[in-house]
Amino acid sequence: MDICSGIDDIRAVVAGYRGAGRSVGLVPTMGALHDGHMALVSAAKGANDRVVATIFVNPTQFGEAADLEAYPRTQEADLAMLKDAGVDAVLLPTVEDIYPEGDETIVETTRLAGVFHGAVRPGHFRGVATVVAKLFNIAGPDRAYFGEKDYQQLAVIRRMARDLHFAVEVVGVPTVREADGLAMSSRNVRLSPEDRTAAPILNASLDAAEKTARPGTTAEELAETIRGVIATEPRATLKGLDIVRVGSFTPAAGPLTAPVGIMISAEFGDVLLIDQREITP
Ligand code: PAF
């Protein structure tokens, strides 16, 4: 596995793949890798001749410095996992590599960045769209892989890639779950043992919504079902619940006639977890 610390290095490696006629899949990450990331790698390996991963804790997508500081950094273990999974090259850029001194260019999906999760995390999706656009330009992949768990992030990246005419296929990979249903996340390690036991309530609430949904069920009824299940778990504080039309990513209301995406976020102690489900009534 080639470990590239600079942008010129990864460009040379990818140019070698291209020269040999190989297709390239990109797996952008912020490190602290878990099986969810490995599912992205294995999807990339299944569809591309070469797989490039990036590990970069992107400062522009964090609201508070404390959050950025607290983000887990496990580089050695991450590199070992990527190597075992058969990744061909990894880029480990510095903040200065990605954001050269005096940089002033941003990428923003103007509507999508400010709604739902974006409304409570101002600037977050601008940071994501900007760094992903840069990584697409740096690595020049054929395909790039992102988890469906970050449902709005995936929508932002798809829209950004389409609007800016990137010749990159954005591929969403289904959420990987622990045996008890908790969606895998780098944040799960920060949960107390009690909160870790309580956290699968998110998935349980989505299961209940899925069971409730049939043609004619209203978006409001689905939301009620989810709120009811979350309310049975005193350790969970529901923070966000949005039901959107798949594709347009606009709020769903009234009787459901087409697939919807449910996005949910809840706090357990000081750890905010998110989960998601697409439901066809
Ligand atoms: O999902 C993530 O880990 C990050 O938001 C991403 C897509 C790597 C951009 O920093």
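Atoms within each ligand, like the ligands themselves, are counted from 1 in listed order. Remember, it's a predicted structure, so these values are computed and weren't measured experimentally. By convention here, the first residue in the shown sequence is residue 1.
Hydrophobic clustering keeps Ile157 apart from Val173 (ILVMFWY residues linked when any side-chain heavy atoms are closer than 4.5 Å, directly or through intermediates).
With a heavy-atom cut-off of 4.0 Å, Thr29 touches ligand 1 through its backbone alone.
Among Gln276, Lys149, Glu148, the single residue meeting the side-chain hydrogen bond (donor to acceptor under 3.5 Å, both in side chains) criterion with Thr175 is Gln276.
Formation of a donor-acceptor pair under 3.5 Å by the Glu267 side chain with backbone atoms of Leu238 is not found in this model.
In summary, the side chains of Tyr145 and Asn48 do present a donor paired with an acceptor at a separation below 3.5 Å, with no hydrogens or angles considered.
Below 4.0 Å from some heavy atom of Val131 lie the following atoms of ligand 1, by number and element: 9 (C), 10 (O).
Looking at atom 10 (O) of ligand 1, its nearest protein heavy atom turns out to be Gln61 OE1, 2.6 Å. Regarding atom 1 (O) of ligand 1, its nearest protein heavy-atom neighbour is Gln153 NE2, 2.8 Å.
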